[in-house]
Structure formats: structure tokens, C-alpha cells
Protein chains: 2
Amino acid sequence: MSAKIKDVAAAAGVSVATVSRALGSGPVSAALRQRVEEAAKQLGYRPNLSARRLRSQHTQTVGLIVSDIRNPFFTAVSRAVEDAAYQAGMRVILCNTDENPDKEAMYLRLMEEERVSGVIFSPTRDTARRLRPDAYGFPVVMIDRSGPAGQADAVVLDNRLAAAQLVEHLLAQGYRHIGGLFGNTSSTGSERHAGFEAALAAHGLAGEGRFIAPTAEAAETVVTQWLAEEQRPDALIASNGLLLLGALRALQRAGLSSPHDLALAGFDNEVWTGLVGNGLTVIEQPVYEIGRTAMEMLLSRLDDPGLSIRSVVLAGRLLVRGSTSPHPSAQGVFGQP
Amino acid sequence: MSAKIKDVAAAAGVSVATVSRALGSGPVSAALRQRVEEAAKQLGYRPNLSARRLRSQHTQTVGLIVSDIRNPFFTAVSRAVEDAAYQAGMRVILCNTDENPDKEAMYLRLMEEERVSGVIFSPTRDTARRLRPDAYGFPVVMIDRSGPAGQADAVVLDNRLAAAQLVEHLLAQGYRHIGGLFGNTSSTGSERHAGFEAALAAHGLAGEGRFIAPTAEAAETVVTQWLAEEQRPDALIASNGLLLLGALRALQRAGLSSPHDLALAGFDNEVWTGLVGNGLTVIEQPVYEIGRTAMEMLLSRLDDPGLSIRSVVLAGRLLVRGSTSPHPSAQGVFGQP
DNA sequence: TTGAAAGCGCTAACAC
DNA sequence: GTGTTAGCGCTTTCAA
């Protein structure tokens with residue numbers, strides 16, 4: 001068995017309380033601290049964090065609950081959260097829910113049992129609606145998606161604006177029949193759809209938005225079918241990286257290319273969006289910043305639980321690339337003006 | 001404060017021991033179990049896992065230590081590890097080391113303090129060499145990279161074979177001046193380099209392998225320079241996804257394309273490798289299987305610590321795509337035979 | 001500044 | 001089957 005605090009105390013000839021203080025930040029004479037550290041090192045002492053947590057009643061642990069860590073958006077966020085957490089001396093428990101409300105409930109329950117200090121959560125729309133964040137023993141910071149306003153801290157993109165920017169850009173490039181693909185499990189999908197509709201309406205146009213399961217496979221299927229329809233749109237936007245990938249694959253399978261046959265744009269500046277063809281126009285999200293900010297908000301709330309509920313809304317950045325170059329019919333002398 | 005086991009006991013009119021047994025898998029009469037469950041539900045009781053761990057002396061926790069979760073290889077592995085862990089009722093603590101031996105040491109120390117059941121670890125070459133896995137209070141399973149044979153369980157790719165396959169493929173396609181990019185911090189880089197050299201030597205050829213920092217940026221810089229040299233290779237292989245990405249970017253920046261100016265191939269079947277141009281030829285690693293297998297090995301060792309040390313070597317799969325189509329000089333009637 | 005002692009919430013040994 | 005009790009390893013009063 002490994003050395004306990006008692007063993008260190010015995011070896012250093014002091015009480016366990018002194019050891020605890022010396023290894024922590026208690027008031028101990030320099031000489032004793034030295035002796036204790038020496039003894040601890042000698043014995044290879046490692047404090048037992050379970051015991052420390054039980055006694056001290058704080059776990060220095062945060063839960064991070066996302067749909068799938070393999071989504072590059074969440075990958076980046078999680079890296080930021082972990083960097084910030086470890087810097088603050090906290091651990092992170094990562095949970096993948098696969099957009100499944102049952103799993104979400106299960107992990108929230110687990111977080112209670114872990115007595116986590118707080119949770120950073122990207123909930124499905126259903127759970128966000130139902131969730132009473134103050135029903136838990138810990139604060140919750142929502143990321144990417146949010147529930148009813150003012151219920152919990154949140155870090156989100158300005159989704160309506162970003163979607164509108166994308167639409168405005170396509171309109172400026174001469175596209176008029178714009179279709180949209182939106183995830184059907186998150187508030188983000190709805191908000192981006194709202195921005196999409198609003199921007200088109202502002203120009204007296206209507207677009208066709210389709211809500212689908214947030215997977216590349218679903219998008220590929222839907223877009224493949226869409227492309228075969230009579231009234232094919234001349235531009236398509238996809239409300240996240242997975243949907244954009246599916247859309248791109250559908251185009252490739254159909255032997256079509258952007259922007260020649262169809263303009264394509266979307267959300268999330270994933271590696272491949274800059275590599276394929278002349279690049280895909282996307283809204284870049286400040287992914288690392290989202291994670292870091294979420295952790296900062298959590299820490300400041302732990303520091304002062306009386307803080308009022310805050311929403312941090314971050315702006316996306318439009319990266320214009322080749323996939324949305326001007327519509328053929330708008331290209332100067334060779335086409336209609 | 002939340003309800004404790006004592007409160008549940010009082011509410012159900014039984015002893016705390018009975019509550020513990022009823023909620024766990026102890027022998028309790030059906031009637032009492034019912035009453036206890038009812039009371040626990042009523043009170044919203046959540047067992048305190050810190051207390052349970054301290055008392056029971058097992059934490060049901062595994063550590064996963066990788067260089068960077070943003071590397072898609074580790075992303076996929078981590079998802080597999082977590083799936084398997086949560087299924088087995090265990091939690092995962094994720095640690096990013098950035099290939100930094102100091103961070104590796106720090107996290108290993110943290111794992112000791114957490115009294116984890118075991119660790120799944122992808123160490124730098126330096127740490128792998130130094131590491132004495134039995135110096136810790138928990139078993140270690142190495143993934144992707146391994147240390148001295150027989151020291152710890154490991155799940156690795158057959159790196160030499162995979163690199164050789166890549167070389168053989170390029171040779172068969174008519175390429176003769178093959179360069180290689182290898183990471184300089186991992187055993188994986190060395191092994192792939194060895195396979196590369198061996199395969200070339202078997203054909204009486206010599207390649208030029210360069211060892212560099214395992215980042216896309218380093219690869220881009222090195223390849224940009226390499227392409228400007230007098231003796232430009234006619235094919236390049238990159239020993240992981242990051243290096244392959246950097247190499248591709250260097251080509252694009254130089255206005256070159258594969259396979260026209262230079263064949264390009266590498267490791268890791270990342271999303272973008274299938275999308276760019278006519279696709280990049282890669283060795284696909286069974287990423288999810290690697291993670292799942294590592295977790296299985298860990299669980300079986302926890303079950304029976306007497307098991308002898310095992311290495312599981314998995315085969316990669318060569319995915320031939322457009323970036324390595326036949327060398328111009330080997331293309332039938334139009335070129336040299 | 002240091003030590004003695006209580007106790008965090010739970011499980012497991014033992015007794016009935 | 002059920003209850004009583006000790007104690008996991010630590011931090012934190014409280015007293016000296």
C-alpha cells in the first residue's frame with residue numbers, strides 16, 4: 001500500500017495536521033515545511049484525492065457534456081475547457097450524449113453523484129427546454145446551444161446574424177434560390193434557420209429550409225434527393241460542419257461541383273473546408289474562445305454565486321472562398337446583369 | 001445540503017447498511033428494497049462517489065493520456081475508450097500532454113493521486129524509454145506507441161508493415177525517388193521510418209527520411225523548402241495525419257498537385273484525405289478498435305493482474321486513391337516503360 | 001505555529 | 001436478512 005499522510009507525519013516527526021498544512025498552504029514554519037516535504041518525497045507520498053474531496057467538500061471537478069467529441073467543434077471546445085480547467089487546478093469529466101436525452105439525463109445524474117463544481121453543457125433542444133438548472137447542486141454553463149433566456153449562463157454564437165451574413169453574401173453573389181440544411185435537435189439549428197428566413201424575407205425572397213438529423217449521412221441522403229428534384233436550388237447552406245460534409249459528398253457523388261453547378265456554404269471552419277476545390281465559404285466560429293469563455297464564466301460563478309445570469313454572444317467570421325464565387329448569370333458581360 | 005444515506009435510512013425506517021445494500025447489490029428482502037428505493041427517490045438521494053471511492057478503495061476511473069485530443073486519431077480513440085469505459089461503469093479522465101514530457105510526468109502523478117484503476121497512455125519516445133510501468137499503483141496500456149517490449153500492455157499498428165506497404169505501392173506505381181516525413185517525438189515515427197527504409201532497401205533503393213516536429217506547420221515549412229531543392233523527390237509519404245496535412249498545404253502553396261507533380265501518401269484516413277482532389281492514398285488505422293481494445297485489455301488486466309504482458313498489433317489498411325496514380329514515366333505508350 | 005480529535009459519507013465486517 | 005460499528009485518508013476546528 002502507498003504511503004498515507006500518517007506515515008509522512010511519523011517520518012517527519014510531526015502531526016498529520018502539520019503535514020496537511022505544510023503540503024497545502026497553511027501556516028507552517030519554514031523548517032517544518034522543509035522536513036515534511038523531504039519526508040513526503042522520500043516516501044513517494046501521493047495525497048488521496050477521494051479523501052480530500054470527501055473531507056473538504058469541494059471536488060475541483062467540472063463536467064463537460066457534449067453530443068460527440070468527434071465533432072471538431074466540440075473537440076476544440078473540449079481542448080480549451082481542459083486547458084483552462086487544469087490551469088485552475090480542476091479536472092474535467094467528459095461525456096458524450098449522441099444527442100440522446102436519456103444519456104443527457106444519465107450524465108447529469110452522474111455529475112450530481114460526482115458532486116462536480118459545475119457543468120458545461122451543450123444540450124439537445126428537448127433537454128434545454130425541460131432543464132431547470134437551479135435544480136442541481138452546481139451551476140451550469142450552456143455552450144453552443146441555450147435554453148430559455150436567463151435560466152443559465154451561456155456562451156453562444158450570434159446564430160441569426162451569422163446565418164443572415166451567409167445569406168446576404170450569397171444574394172450579393174447573385175444567387176436567388178437558396179436552400180438550407182438545419183439540425184433538428186438543437187436550438188442552434190432553429191436559430192440559424194430563423195436568420196436564414198429573415199435575411200431572405202428582407203429581400204422579398206423565400207428560401208427552403210429543411211430540418212434533418214445532425215449527421216453527415218442524413219445530409220448526404222437528403223441533398224442527393226434534393227439535387228434530383230425539379231426545382232434544384234442554385235445555392236445551399238448547411239448549418240454545421242457535419243451537414244456541410246454530407247452536402248459536399250452528395251455533390252461529389254452527383255458529379256456536381258461548387259460553385260459551377262451550385263454554390264455551397266456553411267458553418268464551421270474545419271480543416272477540409274479550406275482544402276477542397278477552391279475552398280468552401282464558411283462562418284468560422286471562435287471555437288477555442290468558446291470553450292475558454294465557458295470555463296471562465298463557470299469559475300467566476302463559483303467564485304461569486306450571486307452573479308446575475310449572463311449570456312456571452314460571440315460573433316462568427318465569414319470566410320469567403322471559392323465555393324460561392326459569383327453566380328454565372330451575374331458575371332458581367334457574359335451573363336445577365 | 002443534499003440527502004445522505006442516513007436520511008434515506010431514517011425515511012425508510014431501516015439502517016444505513018440496509019440502504020447501502022438495497023441500492024447496491026446486497027442481499028435485501030424485496031419489500032425493504034422497495035421501501036428504500038422509494039425513500040431514495042423521494043429525497044432525491046445521490047450517493048457521494050468520493051465517499052464511496054474512499055471507503056471501497058476502488059475508483060472506477062481510468063486515465064487517458066494523449067498528446068492532443070484535437071488530433072483526429074486521438075479523438076476517435078478517446079471516443080472508443082469512453083464508450084467502453086462508461087459501459088463498464090467507469091469514468092475517464094482525459095489529459096493532453098502536447099508531447100511534453102513534463103506534462104506527461106505531471107499527469108501520471110495526478111493519476112496516482114486520483115488512485116485510478118488504470119491508465120491508457122500514448123507516451124513520447126523519451127517517456128516511453130524511461131517509464132517503469134510497474135512503478136505505479138495501476139496498470140498502463142500503451143496505445144499507438146510502445147516502450148521497451150514486454151514492459152506494458154500495448155495496442156499498436158504494425159507500423160513497419162504499413163510504411164512498407166505504402167512504399168511498395170509507390171514503387172509499383174513507378175515512383176523511385178521517395179521522400180518520407182516522420183515525427184521525431186514518438187516511437188511510431190521511428191518504426192514507420194524503419195519500414196520505409198527496409199522496403200526501399202529490399203529494392204536496392206534508398207529514400208530520404210526526415211524527422212521533424214509532429215505538427216502540420218513544421219511539415220509545411222520543411223516540405224516547402226524540400227520542393228525548392230534541386231533533387232526534388234517524385235513521391236512523398238507522411239507518417240501521420242498532421243504531417244500529411246502540412247505536406248499537402250506546401251504543395252498547394254507551391255502550386256503543385258498530386259500526382260501530377262509529386263505523388264503524396266500518408267497515414268490516417270482523415271475526412272479531408274478523401275475529399276481533396278482525387279483523394280489522398282493513406283493507410284487507414286482502425287482507430288475506434290484501437291481505443292476499444294485498449295480498454296478491453298485494461299479491464300481484463302484489472303480482472304486478473306497475473307496475466308502476462310500482451311501486445312496487440314493491428315494491421316492498417318491501404319486505401320489507394322488518386323494521389324498515387326501511376327507515375328507519368330510508367331504510363332504505357334506515352335511514357336518510358 | 002503546532003497538535004489532538006472530530007468527522008466528511010459511505011461500505012464492509014461482524015454480530016444477531 | 002438486518003443492524004451496529006469501525007474506519008477509508010484526509011482537512012479542519014479547537015485548544016494549547
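Both backbone and side-chain heavy atoms feed into the values below; hydrogens, waters and symmetry mates do not. Numbered from 1 within each chain, the chains take letters A, B, ... in sequence-line order. Everything numeric in this text was worked out from a predicted model, so none of it was measured.
A/T75 and A/S78 are not linked by any side-chain donor-acceptor pair at a separation below 3.5 angstrom, with hydrogens and angles left out of the test.
To the nearest angstrom, P of C/dC8 lies 12 Å from CG of B/N48. When rounded to the nearest whole Å, the span between CZ of A/R33 and P of C/dT1 equals 10 Å. The distance from atom CD of B/E114 to atom P of D/dG9 is 16 Å, rounded to the nearest whole Å. Atom-to-atom, CG of A/L54 to C1' of D/dC10 comes out at 8 Å; the value is rounded to the nearest Å. Taking atom CD of B/Q60 as the reference point, atom P of C/dT11 lies 12 Å away to the nearest angstrom. The interatomic distance linking B/R52 (CZ) with D/dG7 (C1') rounds to 17 Å, in whole Å. Rounding to whole angstrom units, CZ of residue B/R55 and P of C/dT11 are separated by 9 Å. The separation between A/Q57 atom CD and D/dT12 atom C1' is 12 Å, rounded to whole Å.
Comparing the local axis fitted to the first five base pairs of the helix from C/dT1-D/dA16 to C/dC16-D/dG1 with the one fitted to its last five gives a bend of 30°, rounded to 10°.
Listed by chain and residue number, B/R46 satisfy the salt bridge (charged side-chain N to carboxylate O under 4.0 Å, His left out) test with A/E112 (two or more places apart in sequence, or in another chain).
Annotation: the span from A/I143 atom CD1 to A/T293 atom OG1 amounts to 10.5 Å, rounded to 0.5 Å.
For B/T18 and D/dG3, the shortest distance from a side-chain N or O to OP1 or OP2 is below 4.0 Å. Dashed line: the shortest gap from a side-chain N or O of A/S15 to OP1 or OP2 of C/dT2 is not under 4.0 Å.
Place A/Y45 and B/V28 on DNA chain D by their nearest nucleotides, and B/V28 ends up nearer the 5' end. Toward the 5' end of DNA chain D, the nearer of the two residues B/V14 and B/S56, judged by each one's closest nucleotide, is B/V14.
Across all strands, B/L32 comes closer than 4.0 Å only to sugar-phosphate atoms, never to a base (heavy-atom distances). Here B/R21 lies in heavy-atom contact (under 4.0 Å) with a base.
Within 6.0 Å of CZ in B/R310 there are more than 12 heavy atoms belonging to other residues, nucleotides or ligands.
A salt bridge links A/R53 and B/E114; the closest N-O separation between the charged side-chain nitrogens and carboxylate oxygens is under 4.0 Å. Taking a cutoff of 4.0 Å between a charged side-chain nitrogen and a carboxylate oxygen, A/R145 and A/E99 qualify as a salt bridge.
Listed nucleotides: D/dG9, C/dA4, C/dT11. Nearest to the side chain of A/A17: C/dA4. For A/S29, whose side chain is taken as the heavy atoms from C-beta onward, the closest listed nucleotide among C/dT11, D/dT11, C/dT2 is C/dT2.
Here the closest non-hydrogen pair linking A/V92 and A/Y86 is N-OH, 4.5 Å.
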